[in-house]
2 protein chains.
Amino acid sequence: MLGPHVPELRALELLVLVSETGSLSAAAAELGITQQAASSRLRTMESLVGASLVDRSRRGSLLTPTGELLVQWSGAVLAAAAQMDAGIAALRADRRGHLTIAASLTIAEHLLPGWLVALRARQIHAGLTPTEVTMTATNSERVESLVRTGEVDLGFVEGPDAPADLHHRLVGTDTLVVVVGPKHPWVTKPSRRVSATTLAATPLVVREPGSGTRMVLDRALQDLGTVGPALELSSTAAVRAAVAAGAGPAAVGAHAIREDLALGRLVKINVAGLDLTRRLHAVWRGGVQPPYGAARDLVSWAADHPA
Amino acid sequence: MLGPHVPELRALELLVLVSETGSLSAAAAELGITQQAASSRLRTMESLVGASLVDRSRRGSLLTPTGELLVQWSGAVLAAAAQMDAGIAALRADRRGHLTIAASLTIAEHLLPGWLVALRARQIHAGLTPTEVTMTATNSERVESLVRTGEVDLGFVEGPDAPADLHHRLVGTDTLVVVVGPKHPWVTKPSRRVSATTLAATPLVVREPGSGTRMVLDRALQDLGTVGPALELSSTAAVRAAVAAGAGPAAVGAHAIREDLALGRLVKINVAGLDLTRRLHAVWRGGVQPPYGAARDLVSWAADHPA
DNA sequence: ACATGGCACAAGGCTACCTTGTGACCCCAC
DNA sequence: GTGGGGTCACAAGGTAGCCTTGTGCCATGT
C-alpha cells in the first residue's frame, strides 16, 4: 500500500522536466499546459511531500537538494512507467503496417518493454520516426505457431532449447528456482537441499503444458520418472499463491518471486544436479536474418543486452 | 515524456489490489474508498489503456490476461514508488524518538529507500510496529560529522576507505566510470582506452570536495600529479549535463549514467590501471555494534544485500 | 526606457471524482 | 423456497481539484 505522500506520475514528470529545463514555464510548455497549471501542480506536490522542492527565482527555477533527491527517485518510477507505456502502446497499436510481435508471458512482462523503450530511444536518436509495435502475450507454444503462420513478424519464446524449424537467436537465459511455502518440511532440511529424484517423486504445482516454464521442468525431470502434478495453473501469480498456501513445491522464474523470498512468503530450495536453465530466443520465419530493419535492430539489441 | 495511456499510480495500485483480493469491493475497502469509486476508477483505466482488464462476475472479479500483464508492469512501477514512499516518509518523519540516519547522496538516492522498504516489511512480518526513520541526505564529510556529534544515530558514507575513528561496516562497493561527451576526441581512440596519466593530466568535471566521489577520484589520481578541475559542480545531474555538453571528462557512479550511455549522450572511456572503487560503509559512534535494534537490523540487512 | 521572460495571485468554469442510494443477480444456508 | 450476504452496475448530486484566462510584479538585458 502506497502512503498518502507520494505524488502521482504526472506530478513527478513535471518535477523532472523542471529539473531538466530549469524553468517552470518551459516544463509546462513541454507538457502542453499553462505555466500557472504547472505552478499549482508543483505547489500541491510540495505540500504533499512536506518540503520545498524548487527554488523559484526571477530568472528560472532550481531544485532544492530535497527536490533533486525526489527527481532521482522519480527517475526509477518513471523508467518503470516508460516501460509500461511502451507495453501499453504495443497493446493498443493498430495492427496493419507495423511490426507485430508475439512473446511468451515472461518476456512480455519483464524484458520486452525495456527493449521497446531502447528501440524507440535509438530510433529517435537516429532521427527516425519510431516504429509502431503490436504485441501479443501468450505462451511459447502459441507464439511459435503465430510465427509459423505468419500472423506475427517476430516471436520471443522460452524453453529448454531453441525451436528446431524456425530461425532463432539467443537473447537471454535465466534459471528456474524451486520454492516451497514457509511451513513445508523441506525448509528444515540441512542447507535446504533435496535431491533431484526427491523432487521428481513429489507432486508439484506446475504451469499448463505449452508454457516455457513447464517445458523446461518436464525436460529436466524426464529421465527421473515423474509423478503427476499436485496442481496445474495458468499463471505465475496463481502458482506463487498456491505454493505460499502450502500446495506443494514449484519451479518458477527467479525474478517473479524476489519479493516473496525477501518477505518470507516463499522459501528457496536447493536441488542438486538439475538443469533448470531456461533459454530465451527470438524466432522468425524466412531468411536467416530477422525480417525488417526495426525487427533486426530489436533482436540485436536484445541479444546484446541480457537482463 | 509519458504517453497519455499510462494510468496514475493510484489506479495501478487499485488494479494490483483487485488482482490480489479477487474482488472490487475488497480492493476498495483496502484503499478506504467505496466500491462504486473503485468501479469507476477501474473503468476509466480500462478506457485509458483501451482494453478490458477485469472480468467482472457475480461472485468476484478476475483479471484478463491483459490485466495480468498490466499488474506485472505495475509491480515494477509500484515497487519504485514504494521506495520513494519510504524516502519521503523518512524526510517527513518527526525527529524525536526515532531512528535518525544521515546518508551520502548516492546511498540516499539508490540504496537506502530499498533498505527502508525491506526493514519495514520485515518488521511488519515479525509483528512489530515499523520504526519511523528520519533521513538527511548530504555529502560524506558532513555525514561523518553528524555521526560524531551524535546528531544522527547512524550514517552511510562512501569513499576510498572506511573512516578511521568511527565504527563501521561495509555495506557495498561500486566503481566509478569515466565518461566523456559523444564528440570528445577520446571517443575515437582504439578501444576507447586512455592511460591513467593522460586522465590525470586532463582538466576534469568534478564534484565538490567532501563528496565521496571526489575523494575517490582525488585518491586514485594523487600519485600521478593532478591538474586543476575544468569545472566543479555540486550534483551528479549537473556533472552529467556538463559532460554531455562537452565540458570535459568526469568520473561518476555507474548507475547514474546507464540511460545516458544507452542513448549515446555519454560515452564510457576505459582507463587502464586505476582503482576507482568506491566503498560504501555504515558508520556509527559508541559500541562496536550499531546502537538500536532497528539500526542493527538495517545495517545487517544492507550488508547482506549488496546492490 | 522598454521589451522579454519568469513566476505568483485571483477568478471562473469545467471536469472528474467520490459518496449516497438503489437495483440486479448469484450463491448458500436455513 | 426464501432470506441474507456478497458481488457489481447505474444514477444523481455535491464537492473539490485542476486548468485556463487575465493580471501584476520584478529582474535582466537591449
Side-chain angles (χ1 to χ4, degrees), chain A residues 1-64 66-68 70-71 74, chain B residues 1-64 66-68 70-71 241:
Chain A
M1 276 264 329
L2 229 45
H5 302 303
V6 181
E8 293 288 355
L9 288 176
R10 263 67 193 192
L12 298 178
E13 195 182 12
L14 172 66
L15 187 67
V16 171
L17 280 174
V18 169
S19 142
E20 282 175 0
T21 60
S23 147
L24 241 163
S25 3
E30 293 237 6
L31 288 177
I33 60 177
T34 60
Q35 166 262 317
Q36 290 88 333
S39 177
S40 131
R41 209 187 264 187
L42 201 63
R43 253 177 208 306
T44 63
M45 179 165 32
E46 286 183 318
S47 85
L48 212 64
V49 173
S52 93
L53 304 174
V54 173
D55 271 336
R56 290 108 165 137
S57 91
R58 307 293 163 175
R59 74 173 161 296
S61 292
L62 221 69
L63 297 207
T64 64
T66 306
E68 290 283 0
L70 224 68
V71 164
S74 304
Chain B
M1 276 262 332
L2 230 45
H5 302 302
V6 181
E8 293 288 355
L9 288 175
R10 263 67 191 192
L12 298 179
E13 193 181 13
L14 171 65
L15 187 67
V16 170
L17 281 173
V18 169
S19 145
E20 282 174 1
T21 60
S23 147
L24 242 163
S25 6
E30 292 237 3
L31 287 178
I33 60 177
T34 60
Q35 165 261 317
Q36 290 88 332
S39 177
S40 130
R41 209 186 265 188
L42 201 63
R43 256 180 203 303
T44 63
M45 180 164 34
E46 285 183 319
S47 83
L48 212 62
V49 174
S52 93
L53 303 173
V54 172
D55 272 335
R56 291 111 167 132
S57 93
R58 308 293 164 171
R59 80 170 154 298
S61 293
L62 221 69
L63 296 207
T64 63
T66 306
E68 291 281 1
L70 224 68
V71 165

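The sequence lines fix the lettering, A, B, ..., with proteins before strands; numbering per chain opens at 1.
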_Taking salt bridge (Lys or Arg N to Asp or Glu O under 4.0 Å) as the definition, give me every residue that meets it alongside Glu68(B), ordered by chain and number, with sequence neighbours left out._
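Listed in chain order: nothing, the list is empty.
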*Partners meeting salt bridge (Lys or Arg N to Asp or Glu O under 4.0 Å) with Glu13(B) (sequence neighbours left out)*: none
_Regarding Ser40(B), tell me which of base, sugar-phosphate or nothing describes its non-hydrogen contacts under 4.0 Å with the strands shown._
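Here Ser40(B) touches no strand at all.
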*Give Arg10(A) one of three labels, base, sugar-phosphate or nothing, depending on what nucleic acid heavy atoms sit under 4.0 Å from its own.*
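Since no nucleic acid heavy atom lies under 4.0 Å of Arg10(A), the category is nothing.
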[X] versus [Y]: any side-chain heavy-atom pair under 4.5 Å?
X	Y	value
Arg10(A)	Leu14(A)	no
His5(B)	Val49(B)	no
Leu62(B)	Ser57(B)	no

Does [N] have OP1 or OP2 sitting under 4.0 Å from an N or O in the side chain of [X]?
X	N	value
Arg56(A)	dA8(C)	yes
Ser39(B)	dA9(D)	yes
Ser61(B)	dC8(D)	yes
Arg58(A)	dG5(C)	no
Arg43(A)	dA8(C)	yes

Separation of [X] atom [atom1] from [N] atom [atom2], in whole Å?
X	N	atom1	atom2	answer
Met45(B)	dC17(C)	CE	P	11 Å
Gln36(A)	dG24(D)	CD	C1'	12 Å
Leu42(A)	dC19(D)	CG	C1'	15 Å
Leu14(A)	dC18(D)	CG	C1'	13 Å
Leu62(A)	dG6(C)	CG	P	14 Å
Glu8(B)	dC17(C)	CD	P	10 Å

*Please state whether the base of dG5(C) and the side chain of Gln35(A) form at least one donor-acceptor pair under 3.5 Å?*
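By the distance-only test, no, there is no pair.
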*Strand-adjacent residues in residues 21-34 of chain B, judged by heavy atoms under 4.0 Å from DNA chain C*: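 The answer is Ile33(B), Thr34(B).
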*Would you confirm whether Thr64(A), through its side chain, and Leu53(A), through its main-chain N or O, come within 3.5 Å as a donor-acceptor pair?*
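Answer holds: yes.
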*To the nearest 0.5 Å, how far apart are CE in Met45(B) and CG in Leu15(B)?*
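Result: 4.5 Å between the selected atoms.
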